[in-house]
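I have placed the structure first, in the form of structure tokens, so that the comments after it can refer back to it.
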Amino acid sequence: MPLPPLVGHADTRRRLAEGFRSGTLPQVVLVTGPRGIGKQRLALWLGQLVLCERPGADPCGACRACRQVGGLAHPDLHWFVPILRPKAGEPAKQIEEAAEALAAVMAERRKQPLYSQPDGMAIHPIASVRLLQQQAGLTAVEGGWRVFIIGDAERLVPQESSQEAANAMLKLLEEPPPRSLFVLTTADPRHVLPTIRSRTAPIRLNRLADADVREFLLRNSAEKPSPDRLEAEVSAAAGAIGLVAGTDEEESGKAFRAAAQLLEAVMAGRGTVLERALRQTPYSARGEFTAMLDALADTLGDAARGSLGHATTRPVPEGLRKHRDPAALLRAIELVGETREAAAGNVNPQLLLAVLGGELAEVL
Ligand SMILES: [Zn+2]
């Protein structure tokens, strides 16, 4: 199944195509903007543009290179997505494991190009960085450009364990080989390592217009949605197609329900939240826990928007609907972010949740 077409972002596309034509396109860019608005899809579009045999204002879409990119099968386009940390001990084996994990994700995306958020525990491990370095050191298979896309670049972890690999990565971004393009994407630029961020040219994408979302849903839904359902989805997307297309509704619904329950307990008071956290059934997978934390941050973000009188992406839990202190809500989001970082370590999720609940009860 080929990639669904890129919709919207017309001005950015025009600027990028113009930059490529005139030879002023930066070789290392960081695409930022809210989750689900098509940052990685734009990165793929850009890859297609530089690899296309007859590029114009857009990639032609018909040449061999364009079709290969559309099928995620171009030998000079390398798409790095977060994966689970390889288990092997040997660096060479780790690289093999990372390559296999990435190939498995790509095989999955060829079948279903609309994908959901990566597992909460997935990162760009050092093995992926080493793999990228290996690939960047080779010449292009087709003799033209080479494109490296690094999605969710905030998950490039600090590489204390291998300063050498980290430095090689930074050098690569500072002096990219001729005719190579690095496109990093993130919804969270503040959490991209500063040493990496400072070596990139920023490209900021905005939310899509409702008309673009509507057109996309009409063209890419398996069955034609009813007008009511379509409008509900357009409104739920709030300019971010990824929030309604390709997400695993059951999983994400579960995370949002758990987040809402926790927030209701927080609003009911400290005692309730501690009791609840202790009664909470253990999280069987860390990914489930981090998905709940992400849902919690999203819900608090919505509550902050609501408190300022703006439209929210999802309904805000009852107890938070009348909250009128956006600063407190933003502080709560920060606390969730800190817990999310701690969750990457070996701390017990129940314990983290009990502490977070107490902290939230204090600030909210
Ligand atoms: Zn083409």
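Every value quoted in this text rests on a predicted model; they were computed, and no experiment measured them.
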Item to complete: I would like to know whether V141 and R146 meet side-chain contact (heavy atoms from CB on, under 4.5 Å); could you show each step before the answer?
Response: CA-CA 9 Å; V141 177; R146 280 168 314 146; over 6 Å; no
Discussion item. If you apply the rule salt bridge (Lys or Arg N to Asp or Glu O under 4.0 Å), what do you find for K171 with E174, and how did you get there?
Written reply: CA-CA 5 Å; K171 186 163 181 299; E174 199 154 81; over 6 Å; no
Worksheet item: When you look at R229 and E233, which way does the salt bridge (Lys or Arg N to Asp or Glu O under 4.0 Å) test go after all the steps?
Response: CA-CA 6 Å; R229 166 113 187 125; E233 291 211 334; 2.8 Å; yes
Worksheet item: What do the steps show when you test H9 against L6 for side-chain contact (heavy atoms from CB on, under 4.5 Å), and what is the final call?
Response: CA-CA 8 Å; H9 311 308; L6 171 63; 4.2 Å; yes
Practice prompt. Start with the C-alpha distance between R64 and E142, add both sets of side-chain angles, then the distance that settles salt bridge (Lys or Arg N to Asp or Glu O under 4.0 Å), and finish with yes or no.
Written response: CA-CA 11 Å; R64 193 167 75 109; E142 300 285 342; 3.1 Å; yes
Discussion item. Pair L77, I149 - check side-chain contact (heavy atoms from CB on, under 4.5 Å), show working.
Written reply: CA-CA 8 Å; L77 182 122; I149 298 172; 4.3 Å; yes
Item to complete: Check step by step if salt bridge (Lys or Arg N to Asp or Glu O under 4.0 Å) holds for E215 and R219.
Response: CA-CA 6 Å; E215 183 198 325; R219 276 163 58 178; 2.4 Å; yes
Discussion item. V192 vs T200, test: side-chain contact (heavy atoms from CB on, under 4.5 Å). Steps then yes/no.
Written reply: CA-CA 11 Å; V192 175; T200 61; over 6 Å; no
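Residue R324 places its CZ atom among more than 12 non-hydrogen atoms of other residues, nucleotides or ligands, all under 6.0 Å distant. Residue R13 qualifies as enclosed at atom CZ: its count of foreign heavy atoms under 6.0 Å is above 12.
If you take CZ on R130 and CE on M169, they are separated by 13.0 Å, rounding to the nearest 0.5 Å. For the atom pair L51 CG and C66 SG, the distance stands at 8.5 Å (nearest 0.5 Å).
When all heavy atoms of G151 and H124 are compared, the closest pair comes out as O-NE2, 2.5 Å. In terms of heavy atoms, L230 sits closest to P225 at CD1-CG, 3.9 Å. Taking both residues in full, the closest heavy atoms of C52 and C60 are given as SG-N, 3.3 Å, listed atom of the first, atom of the second, then distance. Taking each heavy atom of I37 and G239 in turn, the nearest pair found is CG2-O, 3.4 Å. Residue L173 comes nearest to V28 through the heavy atom pair O-CG2, 3.3 Å, listed as atom of the first residue, atom of the second, then distance. Across all their heavy atoms, A258 and M292 have their closest contact at CB-CG, 3.6 Å.
Under the 4.5 Å side-chain heavy-atom criterion for grouping Ile, Leu, Val, Met, Phe, Trp and Tyr, V355 is not connected to L293 through any hydrophobic cluster.
Applying the ring pair (Phe, Tyr, Trp, His ring centres under 6.0 Å) test to residues at least two apart or on different chains, the pairs with a partner in residues 13-68 are F20-W145.
Residues H74 and W79 are not in side-chain contact: their nearest non-hydrogen atoms beyond the backbone lie 4.5 Å or more apart. Two residues are said to be in side-chain contact when any heavy atoms from C-beta on lie closer than 4.5 Å; L181 and L25 meet this criterion.
Tested against T186 for a side-chain hydrogen bond (donor to acceptor under 3.5 Å, both in side chains), the candidates E154, H191, R155 yield a single pass: E154.
Panel note: side chain D212, backbone L208; no donor-acceptor pair is recorded below 3.5 Å.
Using a 30° and 60° split on the angle between ring planes, F148 and H78 fall in the parallel class, below 30°.
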